[in-house]
Amino acid sequence: MRKVEVVAHDLKWQEMFNVESNRVIVALGKNVVAVHHIGRTAIPSIYAKPIIDLLVEVKDIAKVDEQNKSMESLDYKVMGEFGISGRRFFRKDNQEGIRTHHIHTFTVGSDQVRRHLAFRDYMVAHPEDAQSYSELKRSLAREYPTNIDGYMDGKDGFIREIDKKAAPWQALQSSSASDLTS
């Protein structure tokens with residue numbers, strides 16, 4: 001049974017991401033195209049579970065499996081697709097058994113990459129939605145202090161609504177950026 005805990009944003013999270021992303025790049029090698037800080041710890045000023053989420057884009061997802069031993073040497077547990085087709089998922093706990101990191105690995109440019117980055121960027125650009133999400137997370141953590149499934153289920157509808165807003169918003173941002181360079 002995992003405790004559901006959300007805490008105030010911590011400026012150390014970005015440094016933790018930076019350190020871990022460098023370690024993961026070495027472990028996964030030349031297959032890595034990019035590493036992104038995603039998840040709630042990447043959104044300033046909101047409460048989050050203190051777990052650093054890394055999204056790793058790779059050239060060939062099958063080659064990630066060849067690096068499982070390297071990931072295990074960094075204390076990651078290899079989880080395979082873990083419910084999302086085309087993903088390679090890794091998780092890490094500290095010495096006390098508390099989860100510290102998640103790694104979501106996808107082929108470069110996949111729909112999942114676009115979805116995760118759009119969600120993060122939308123929330124950063126829309127602090128009112130980010131704060132609503134923060135309040136929801138705090139409320140759910142109080143309601144489900146030892147029920148991670150209840151906590152996750154409680155966020156699902158909100159996340160889906162943001163995903164519906166984020167995709168067209170991101171497309172508009174990309175379109176505007178390309179208009180500026182034309």
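Asp129 places a side-chain heavy atom less than 4.5 Å from the side chain of Met123. The closest side-chain heavy-atom distance from His126 to Lys165 is not below 4.5 Å. Contact annotation: the side chain of Phe119 never approaches that of Gln170 to less than 4.5 Å [non-hydrogen atoms, C-beta and beyond].
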#### Entry: ring-ring contact (aromatic ring centres under 6.0 Å, His included) between His104 and Phe89, worked out
CA-CA 5 Å; His104 312 264; Phe89 183 66; 5.1 Å; yes

Practice prompt. Starting from the C-alpha separation in whole Å, work towards a yes-or-no answer on side-chain contact (heavy atoms from CB on, under 4.5 Å) for Gln131 and Ile46.
Written response: CA-CA 6 Å; Gln131 287 308 310; Ile46 73 166; 3.7 Å; yes

Q: Could you give me the CA-CA distance, side-chain angles and deciding distance for Glu15 and Lys12, then say whether salt bridge (charged side-chain N to carboxylate O under 4.0 Å, His left out) is met?
A: CA-CA 5 Å; Glu15 179 59 25; Lys12 294 178 196 167; over 6 Å; no

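By the ring-ring contact (aromatic ring centres under 6.0 Å, His included) test, Tyr76 pairs with no residue at all, sequence neighbours left out.
Of the residues Thr105, Asn68, Asp65, the one that meets the side-chain hydrogen bond (donor to acceptor under 3.5 Å, both in side chains) test with Arg88 is Asp65. When the options His102, Arg120, His36, Arg40 are evaluated for a side-chain hydrogen bond (donor to acceptor under 3.5 Å, both in side chains) with Asp53, the one that passes is His102.
Both Met71 and Leu54 are part of a single hydrophobic cluster, where members link through side-chain heavy atoms under 4.5 Å apart. The hydrophobic clustering, which links ILVMFWY residues whose side-chain heavy atoms are closer than 4.5 Å, places Ile52 and Ile25 together. Residues Leu136 and Ile43 are members of one and the same hydrophobic cluster, defined by side-chain heavy-atom contacts under 4.5 angstrom among Ile, Leu, Val, Met, Phe, Trp and Tyr. In the hydrophobic clustering of this structure, Val6 does not group with Ile38; members are Ile, Leu, Val, Met, Phe, Trp, Tyr whose side-chain heavy atoms approach within less than 4.5 Å, directly or through other members. Hydrophobic clustering of Ile, Leu, Val, Met, Phe, Trp and Tyr side chains at less than 4.5 Å, counting indirect connections, keeps Val35 apart from Val113.
Closest of all the heavy-atom pairs between Ala118 and Ala166 is O-CB, 3.6 Å.
Ring geometry for Phe17 against His37 counts as parallel: the plane angle stays under 30°, on a 0 to 90° scale with 60° as the upper cut.
Other residues, nucleotides and ligands contribute more than 12 heavy atoms inside 6.0 Å of the CD atom of Glu128. Shown here is Lys155, whose NZ atom has more than 12 heavy atoms of other residues, nucleotides or ligands within 6.0 Å.
Through direct or indirect side-chain contacts shorter than 4.5 Å among Ile, Leu, Val, Met, Phe, Trp and Tyr, Ile51 is connected to no other residue.
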